[in-house]
Enquirer: 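If you scroll down you'll find the structure; I have some questions about it.
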Amino acid sequence: MSSIPWQDRPENSKDVMWRYSENPIIDRYAIPSSNSIFNSAVVPFGDGYAGVFRCDNKAVQMNIFAGFSKNGIDWDINHEPIVMQSGNTEMIESAYKYDPRVVWIEDRYWITWCNGYNGPTIGIGYTFDFKEFFQCENAFLPFNRNGVLFPQKINGKYAMLSRPSDNGHTPFGDIWISYSPDMKYWGEHRLVMKPSPFEQSAWQCTKVGAGPIPILTEDGWLMIYHGVINTCNGFRYAMGSALLETDAPDQVKYRTQPYLLGPAEIYEMVGDVPNVVFPCAALHNIEEDKLAVYYGAADTAVAIAFGKLSEVIQFTKDNSL
């Protein structure tokens, strides 16, 4: 794409990623029913952008809503949640939907989310126009979270990252990859990445999970992920990056020891769930060497951070576990 949301690095900053000065870009009360809007997905669409947003209402019912933007910063989010039609199944039961990701593959936009079906699992759906949406079979048995599709087939198969979990506030979590010939049946599950040992990189020692759609680079798949440490004040979420082998993405080439971005601003440290930076979407422009990452801040609002794509890749290689 020709351009993405962007703000130059602050003059005195040497950080590999920096925050948008007007964060958060989406307030918790951006639509009338919402208690919070966070952990949401964004993709190029038409002459602007479309998104699927996690909006918890004032009863704290979790659902996903479509939204649109000309510039990727200012958003118009629908006031009613997405209504699903049957896709490759008649079983579209869903007690809740949260933490969506969106990706264009071949001829349509695919959406994954944490779907409530006797516990959290990975829901899959698709749309062509962000007006009509079609729900497919759940990818996995409960319990699972953070389903993230690759933007193209790998060795002729669809590929998805996920984080098997439990039914609550999971105190563990590894990143796995699974493959499918048809977006209905999933198998060939392989471990990708585990939490780090506490003494080596404590910010990601409790659990890790995939974030935005992976980006294909000359150095492999750039995977932005979240890492968690369990502190005396609860879980603390921060953002890291890894490079995966292009044709065998269960193989980690490099992985950041320090985080790229951790909760430090008031909107990241104070909210419904304090101390959370949770990346869910990324826009990039390889020609312009730009990366924009959308993240949920304190489970309350949506914020954005920027970085030079080449610098993030080099940082990942130079500061690897």
Side-chain angles (χ1 to χ4, degrees), residues 1-10 17-34 36-56 63-83 97-113 125-134 148-149 151 211-213 215 224 261 265 267 277-297 300-309 312:
M1 55 184 301
S2 59
S3 63
I4 64 173
W6 186 254
Q7 187 176 66
D8 287 336
R9 179 189 275 112
M17 295 200 72
W18 58 94
R19 297 165 176 83
Y20 181 48
S21 62
E22 301 300 317
N23 273 344
I25 61 169
I26 300 174
D27 181 72
R28 67 185 304 166
Y29 300 129
I31 62 174
S33 64
S34 64
S36 50
I37 303 176
F38 59 106
N39 297 4
S40 301
V42 171
V43 289
F45 178 72
D47 60 354
Y49 303 90
V52 177
F53 296 86
R54 172 177 177 171
C55 302
D56 294 3
N63 217 326
I64 55 176
F65 294 62
F68 303 90
S69 174
K70 290 293 186 182
N71 59 11
I73 297 289
D74 303 299
W75 287 89
D76 181 14
I77 300 173
N78 292 348
H79 291 188
E80 297 298 326
I82 290 169
V83 176
K97 298 181 178 75
Y98 63 80
D99 296 359
R101 274 77 162 181
V102 180
V103 60
W104 172 267
I105 307 176
E106 296 173 335
D107 64 346
R108 68 195 70 185
Y109 297 92
W110 288 94
I111 306 157
T112 56
W113 65 89
Y126 62 85
T127 183
F128 298 97
D129 55 10
F130 289 92
K131 295 178 181 177
E132 289 190 304
F133 294 83
F134 301 86
V148 180
L149 288 163
I213 304 304
I215 298 169
I224 305 294
L261 198 74
E265 296 295 329
Y267 55 85
V277 167
F278 192 94
C280 272
L283 300 172
H284 70 283
N285 186 307
I286 291 177
E287 290 75 21
E288 296 181 2
D289 194 26
K290 292 178 178 178
L291 175 69
V293 177
Y294 293 80
Y295 63 95
T300 302
V302 176
I304 189 169
F306 305 107
K308 292 285 189 178
L309 190 59
V312 173

Enquirer: Suppose we call two aromatic rings close when their centres sit under 6.0 Å apart. Are Phe134 and Tyr126 close by that rule?
Expert: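 Ring-ring flag for Phe134/Tyr126: true, centres closer than 6.0 Å.
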
Enquirer: Could you grab the distance from atom SG of Cys280 to atom CD1 of Ile213, nearest 0.5 Å is fine?
Expert: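 Going from SG on Cys280 over to CD1 on Ile213, the span is 9.5 Å.
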
Enquirer: Within the 4.5 Å heavy-atom criterion, are Thr112 and Val148 side-chain neighbours or not?
Expert: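 Not in contact.
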
Enquirer: Side chains of Glu265 and Asn23, heavy atoms from C-beta outward: is any pair under 4.5 Å?
Expert: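 Answer no - side chains too far apart.
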
Enquirer: Exactly one of Glu288, His284, Lys290 should register a side chain to side chain contact (heavy atoms under 4.5 Å, CB included) with Ile286. Which one does?
Expert: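 Looking at Glu288, His284, Lys290, the match for Ile286 under the side chain to side chain contact (heavy atoms under 4.5 Å, CB included) is His284.
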
Enquirer: Could you report the tightest heavy-atom contact between Pro151 and Ile105, atom names first, then the distance?
Expert: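 Closest pair (atom of Pro151, atom of Ile105, distance): O-CG1, 3.9 Å.
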
Enquirer: Does the gap between the ring centers of Phe278 and Phe38 come in under 6.0 Å?
Expert: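 No, the ring of Phe278 stays outside the 6.0 Å limit from the ring of Phe38, centre to centre.
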
Enquirer: side-chain contact (heavy atoms from CB on, under 4.5 Å), that's the test. Do Ile215 and Leu291 meet it? Break it down for me.
Expert: CA-CA 10 Å; Ile215 298 169; Leu291 175 69; 3.7 Å; yes

Enquirer: Which heavy atom of Asn39 sits nearest to which heavy atom of Pro100, and what is that distance?
Expert: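 What the structure gives for the nearest pair is O-CD, 3.2 Å.
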
Enquirer: Do the side chain of Asp27 and the main chain of Tyr29 share a donor and acceptor less than 3.5 angstrom apart?
Expert: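 Between the backbone of Tyr29 and the side chain of Asp27 there is a qualifying donor-acceptor contact (under 3.5 Å).
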
Enquirer: Can you tell me how far the OG atom of Ser33 sits from the CG atom of Asn63, to the nearest 0.5 Å?
Expert: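 So the gap between those two atoms works out to 9.5 Å.
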
Enquirer: Are any side-chain N or O atoms of Ser34 and backbone N or O atoms of Arg28, one a donor and one an acceptor, separated by less than 3.5 Å?
Expert: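 Checked: pair present.
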
Enquirer: Quick one: are Pro24 and Val302 in side-chain contact, heavy atoms under 4.5 Å?
Expert: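 Contact flag for Pro24/Val302 side chains = no.
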
Enquirer: Would you confirm whether Trp18, through its side chain, and Gln7, through its main-chain N or O, come within 3.5 Å as a donor-acceptor pair?
Expert: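 Pair found, side chain donor or acceptor close to backbone of Gln7.
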
Enquirer: Which value, rounded to the nearest 0.5 Å, describes the distance between Ile82 atom CD1 and Phe130 atom CZ?
Expert: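 If we round to the nearest 0.5 Å, Ile82:CD1 and Phe130:CZ are 8.5 Å apart.
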
Enquirer: Might you confirm whether atom CD of Glu80 has over 12 heavy atoms from other residues, nucleotides or ligands at distances under 6.0 Å?
Expert: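 Counting other residues, nucleotides and ligands, CD of Glu80 stays at 12 neighbours or fewer.
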
Enquirer: Of all heavy-atom pairs between Thr127 and Arg108, which one has the smallest distance, and what is that distance?
Expert: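 Minimum heavy-atom contact is O-CB, 3.8 Å.
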
Enquirer: If every non-hydrogen atom of Ala41 is compared with every non-hydrogen atom of Ala281, which pair is closest and at what distance?
Expert: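 Closest heavy-atom pair between Ala41 and Ala281: CA-CB, 3.8 Å.
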
Enquirer: Would you indicate whether the side-chain heavy atoms of Pro44 and Leu283 approach each other to under 4.5 Å?
Expert: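 Leu283 reaches Pro44 side chain to side chain.
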
Enquirer: What is the ring orientation for Trp75 with Tyr49, classed by angle as parallel under 30°, tilted 30 to 60°, or perpendicular over 60°?
Expert: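 If you compare the ring of Trp75 with that of Tyr49, the planes turn out tilted.
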
Enquirer: Search all heavy atoms of Lys308 against all heavy atoms of Asp289 and return the closest pair with its distance.
Expert: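 That would be CD-O, 3.2 Å.
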
Enquirer: Would you give the length of the straight line joining atom CD1 of Ile64 to atom CG of Asn78, rounded to the nearest 0.5 angstrom?
Expert: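 With rounding to 0.5 Å, CD1 (Ile64) is 12.0 Å from CG (Asn78).
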
Enquirer: Would you sort out whether Val52 and Trp113 count as a side-chain contact (heavy atoms from CB on, under 4.5 Å), showing the intermediate values?
Expert: CA-CA 10 Å; Val52 177; Trp113 65 89; over 6 Å; no

Enquirer: Is the backbone N or O of Ser36 less than 3.5 Å from a side-chain atom of Thr300, with the two atoms forming a donor-acceptor pair by type?
Expert: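 No.
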
Enquirer: Before accepting this row, confirm whether a basic side-chain N of the pair Arg54/Asp99 lies closer than 4.0 Å to the acidic partner's carboxylate O.
Expert: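 Here Arg54 pairs with Asp99 in a salt bridge, since their nearest N and O are under 4.0 Å apart.
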
Enquirer: Got a second to check how far Lys70's NZ is from Asp47's CG, nearest 0.5 Å?
Expert: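 It comes to 3.5 Å.
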
Enquirer: Just verifying a value: how many Å separate Ile304 CD1 and Trp6 CH2, rounded to the nearest 0.5 Å?
Expert: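 One gets 10.0 Å once the value is rounded to the nearest 0.5 Å.
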
Enquirer: Quick check against the 3.5 Å criterion: does Tyr295 have a side-chain atom that pairs as donor or acceptor with the backbone of Gly211?
Expert: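 Side chain of Tyr295 to backbone of Gly211, a donor-acceptor pair under 3.5 Å: no, none is there.
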
Enquirer: Quick check: closest heavy atoms across Pro5 and Gly72, and the distance to 0.1 Å?
Expert: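 Distance-wise, the nearest heavy atoms are CG-CA, 3.8 Å.
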
Enquirer: Aromatic rings Tyr20 and Phe306: how do their planes relate, parallel, tilted or perpendicular, breaks at 30° and 60°?
Expert: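 Perpendicular.
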
